[in-house]
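Contents: one structure, followed by commentary.
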Amino acid sequence: MCRTLAAFPTTCLERAKEFKTRLGIFLHKSELGSDTGNVGKFEWSSKHSRDGRNFSEDVLGWKESFDSLLSSKNGVAAFHAFLKTEFSEENLEFWLACEEFKKLRSAAKLASRAHKIFEEFIRSEAPKEVNIDHETRELTEKNLQAAMATCFDVAQGKIRTLMEKDSYPRFLKSPAYRDLAAQASAASASQSGCSPAEPLHT
């Protein structure tokens, strides 16, 4: 696993640079007053720009807590880009799949989607197999016999804890996020004297 930029193979460095560049573009668009809501396929949450935050404030809010990061649409996209540099994006993708799964109300859809999630993330040698213990895998498989919205709760909780304790601190310490946060701080400072209702562009 890639730990520091100095130790990254070329592909990791390229991905990290892509992540930094893409987020820089997001910040630039925000300063121009452009819509930053469409940040890729992770349009799962409407909680982005919590409390009316603009993008700069949103970026700075990601370090408040892991929940703050996950409640931001841009934060989820940024974290996913970072996880790709560590080849562990399946953890976030599984967590997101579980969040969407819990919104289903049809028993038939629950059963069908549960099996798809299990086949994609949980079963041994799954294409995007997440790192869970054997007992949790067996429990989750047993839960599929009567699929309910809670059948992935244990596995999802363990993967969330893994991301919060392991990947999230490295994300906050990554040069890409630190540079972006510095830009966001500067942007917030430059805008602090303006009225909230004042447009950011003409």
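The first residue of the sequence shown is numbered 1, and numbering continues consecutively from there. All values below come from the heavy atoms of this structure, side chains included, with hydrogens, waters and symmetry mates left out.
Across all non-hydrogen atoms, the minimal contact from V76 to L92 is O-CD2, 3.6 Å. Scanning both residues, L60 and A181, for their nearest heavy atoms gives CD2-O, 3.4 Å. Closest approach of F79 to S167, counting heavy atoms only: CZ-CB, 3.8 Å. Of all heavy-atom pairs between H80 and E93, the closest is NE2-OE2, 2.8 Å. The two residues C151 and L144 have their closest heavy-atom pair at SG-CD2, 4.3 Å.
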**OP:** Begin from the C-alpha positions of M163 and W95 and carry the test side-chain contact (heavy atoms from CB on, under 4.5 Å) through to its verdict.
**Re:** CA-CA 10 Å; M163 291 191 295; W95 187 88; 3.9 Å; yes

Original post:
Are W62 and L180 close enough, and set up right, to give a side-chain contact (heavy atoms from CB on, under 4.5 Å), and what steps lead you there?
Top reply: CA-CA 11 Å; W62 300 346; L180 185 70; 4.0 Å; yes

Subject >> Check against side-chain contact (heavy atoms from CB on, under 4.5 Å), N143 and M148 >> reply: CA-CA 8 Å; N143 289 342; M148 297 186 294; over 6 Å; no

Subject >> N91/L162 under side-chain contact (heavy atoms from CB on, under 4.5 Å): CA gap, chis, key distance, verdict >> reply: CA-CA 9 Å; N91 291 329; L162 176 66; 4.0 Å; yes

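For the atom pair D166 CG and S88 OG, the distance stands at 7.5 Å (nearest 0.5 Å). Atom OG of S72 sits about 11.0 Å away from atom CD of E64, to the nearest 0.5 Å.
Legend: residues meeting side-chain hydrogen bond (donor to acceptor under 3.5 Å, both in side chains) with E138, ordered by chain and number and at least two apart, are H134. Residues that satisfy the side-chain hydrogen bond (donor to acceptor under 3.5 Å, both in side chains) test with R160, not counting sequence neighbours, are D67, E164. Every side-chain hydrogen bond (donor to acceptor under 3.5 Å, both in side chains) that T136 has, sequence neighbours left out, goes to D133, K158. The side-chain hydrogen bond (donor to acceptor under 3.5 Å, both in side chains) search around S185 returns none, not counting sequence neighbours. Scored by the side-chain contact (heavy atoms from CB on, under 4.5 Å) test, D153 finds K102, T150, Q156 as partners (sequence neighbours excluded).
At least one side-chain heavy atom of R170 sits under 4.5 Å from a side-chain heavy atom of E86. Counting only heavy atoms from C-beta outward, the side chains of F171 and L83 never approach each other to under 4.5 Å. Inter-residue side-chain proximity for I159 and I132 is flagged as met; some heavy-atom pair is nearer than 4.5 Å. Proximity of E100 to C98: side-chain heavy atoms (C-beta onward) are nowhere separated by under 4.5 Å.
Although no hydrogens or angles enter the test, the distance criterion places a donor-acceptor pair under 3.5 Å between the side chain of T85 and the main chain of F82. Judged by distance alone, the side chain of Y177 and the main-chain N or O of V59 form a donor-acceptor pair under 3.5 Å. Listed for the R105 side chain is a donor-acceptor partner under 3.5 Å among the backbone atoms of K103. Using modelled atom types, one side-chain atom of R137 and one backbone atom of I122 make a donor-acceptor pair closer than 3.5 Å.
A salt bridge between E120 and K128 is present, with a side-chain N of the basic residue lying under 4.0 Å from a carboxylate O of the acidic one.
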Mind listing the side-chain donor-acceptor pairs of residues 107-118 below 3.5 Å, one per line with the distance, residues two or more places apart or on another chain?
{"residue": "H115", "atom": "ND1", "partner": "A111", "partner atom": "O", "Å": "2.8"}

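Linking ILVMFWY residues whenever their side-chain heavy atoms come closer than 4.5 Å, directly or via other members, places L96 and V130 in the same cluster.
Side-chain contact check for S65 and S68: at least one donor-acceptor pair (N or O, by modelled atom type) lies under 3.5 Å.
Note on ring orientation: taking the six-membered ring where Trp is involved, the planes of F94 and F152 are perpendicular (angle over 60°, cut-offs 30° and 60°). Taking the six-membered ring for Trp and thresholds of 30 and 60 degrees, F66 and Y168 have ring planes inclined between 30 and 60 degrees apart.
More than 12 heavy atoms of other residues, nucleotides or ligands sit less than 6.0 Å from atom CZ of R123.
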